[in-house]
Amino acid sequence: MKAAAFGAWLHRLAPCAGPSSNRDWLRAVLGCGFALGLCMPLCAWLFGVDTMLRIGPPLAASALLAIAVPSSPLAQPWSLLGGNLVAALVGLLLGHWLGHSWPQASLSMVVAVLLMLGLRCLHPPSTAMAFSLAVGGPLVDQHLLHLLLPVGVASLALIGVALVYNNLTRAPYPRKLAVPASNPHLTADPLPGERLGLHADDLESALASAGGFVDVTPEDLERLLLAAEKHASERLLGGIRARDIMSRDIRSVSPDARIEEAWGLLDKHHLKALPVLDRGHLVGILTLSDLFRGQRRLRSPFGQRVGNLMTHRVQSLREDAQLPELIQLLSDQGRHCLPVVDGAGRLVGMLSQTDLIAAFRHLWLQPQVQAERALQVAV
């Protein structure tokens, strides 16, 4: 047992996963070379080679972090700029007051980390900046706080290169903030798709249970878990498509039809919406909400043409859309029904929440039916 536990512990010392693809490796290598090839000569030209050599190593580590892992909270612009300036200030002051040796340099690293945590600008390479400036030397003694200028300029230049290079290579930088999903019903309830899923408290508990500092924010963790959940549902439910469950015998009207005709179809067939077709192509949709809005605006919608009251910007579905996409549109976005079109934009069906419920009923009952059939065969 002890040998197995020791083997498992040794396994944890193995190399961790790197970038997810060869493209990510190449992007990181070229980006770091490009960033340093631009920022270091600029620093040497503006402030001299000695200054560049003193602050260059920490900035090289900053370049790797900002280019290779641009989504990390530790690599964001405020962390990079604020962390380097705070660490440089601490290293310069403590080295000047307490002396230039390794104990004072180590103390400057500790103080710099505390300040970076308090200012929410934790940036690991900045600890090297504090140590490098705290150990002193003729350059530090001569310029002291004036060295904050090259640190700030070089950090800003590095951020500028990271902004351009990362976004050109499709690695968003700075990290996108999570945008809360809007509720189409304008209520405080979570979206239907989120009521049984992960909550913010679950994510906070998961991060806390990991122990120590985890290089991921709750927003990023939620985004990754939701993406994984979506891929899993597409894998499990991807066999069902819109064309498999949609209604094909549909009722429609033209833009020139009278509202009375449309109302008669809605009432007769117990519908909530009618697709509006012009020469076979979908040009709009008339819903009960459109009629209610027309009644408020015109006192009575009757006597009007359908084209005057219909919704022109129509959300439609491809006939090969998979079940997870249908769930998202018909639950979280509050749609009661959606037109289904083919590749040429022609209407081929309507998909409603009722169709979706029937599909789920089939999925739910199918294992029971298969079990009963297997039992009958066995008997």
Side-chain angles (χ1 to χ4, degrees), residues 27-97 100 104-105 108-109 111-169 171-175:
R27 193 194 72 81
V29 170
L30 293 179
C32 288
F34 180 66
L36 294 176
L38 236 104
C39 296
M40 294 301 103
L42 175 66
C43 183
W45 178 61
L46 290 176
F47 306 106
V49 175
D50 289 341
T51 301
M52 184 270 288
L53 292 176
R54 171 66 72 170
I55 67 175
L59 289 172
S62 295
L64 176 64
L65 196 56
I67 298 296
V69 282
S71 62
S72 170
L74 307 178
Q76 300 312 300
W78 167 240
S79 295
L80 196 157
L81 177 62
N84 281 339
L85 286 175
V86 166
L89 178 63
V90 170
L92 290 170
L93 291 179
L94 290 187
H96 177 69
W97 291 336
H100 303 297
Q104 289 86 339
S108 69
M109 292 173 56
V111 175
V113 169
L114 289 174
L115 288 176
M116 285 189 286
L117 287 171
L119 295 172
R120 301 175 66 98
C121 59
L122 185 64
H123 187 62
S126 299
T127 58
M129 182 74 72
F131 190 96
S132 176
L133 295 179
V135 293
L139 177 71
V140 175
D141 291 333
Q142 180 182 357
H143 296 284
L144 201 58
L145 293 183
H146 290 92
L147 288 175
L148 292 177
L149 179 61
V151 170
V153 170
S155 298
L156 286 173
L158 182 57
I159 291 171
V161 173
L163 282 169
V164 174
Y165 181 80
N166 285 333
N167 287 290
L168 284 178
T169 54
Y173 184 80
R175 179 176 53 85

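Quick caveat: nothing in here was measured; it's all calculated off a predicted structure.
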Pair up each side-chain donor or acceptor in residues 84-93 with any protein partner under 3.5 Å, not counting sequence neighbours, and list the distances.
from, atom 1, to, atom 2, distance (Å)
Asn84, OD1, Ser126, OG, 2.9
Asn84, ND2, Leu80, O, 3.3
Asn84, ND2, Ser155, OG, 3.1

May I have the list of side-chain donor-acceptor pairs in residues 52-63 shorter than 3.5 Å, sequence neighbours left out?
from, atom 1, to, atom 2, distance (Å)
Arg54, NH1, Ser132, O, 2.6
Arg54, NH1, Gly136, O, 3.3
Arg54, NH2, Gly136, O, 2.5
Ser62, OG, Pro58, O, 3.2
Ser62, OG, His123, NE2, 2.8

Please report the interatomic distance [atom1]([X]) to [atom2]([Y]), rounded to the nearest 0.5 Å.
X: Met116; Y: Leu74; atom1: CE; atom2: CG; result: 10.0 Å
X: Gln142; Y: Thr51; atom1: CD; atom2: OG1; result: 8.5 Å
X: Leu115; Y: Ser108; atom1: CG; atom2: OG; result: 11.0 Å
X: Leu168; Y: Asn166; atom1: CG; atom2: CG; result: 9.0 Å
X: Leu149; Y: His143; atom1: CG; atom2: NE2; result: 11.0 Å
X: His100; Y: Leu133; atom1: NE2; atom2: CG; result: 10.0 Å

Legend entry - Within 6.0 Å of NE2 in His96, more than 12 heavy atoms from elsewhere: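 At most 12 heavy atoms, drawn from other residues, nucleotides or ligands, come within 6.0 Å of this atom.
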
Return a table of donor-acceptor pairs under 3.5 angstrom between the side chains of residues 28-49 and protein atoms on other chains or two or more places apart.
none

Legend entry - Check: Gln104 and Trp97 side chains under 4.5 Å, non-hydrogen atoms: no

Legend entry - Polar side-chain atom of Tyr173 near backbone of Tyr165 as donor-acceptor pair, under 3.5 Å: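 No; zero donor-acceptor contacts below 3.5 Å.
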
Legend entry - Heavy-atom closest pair, residues Val135 and Ala105: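 Smallest interatomic distance, heavy atoms only, reads CG1-CB, 3.7 Å.
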
Inset, instruction - Return the minimal non-hydrogen interatomic distance between Arg27 and Pro70, and the atom names on each side. - result: NH2-CD, 3.7 Å

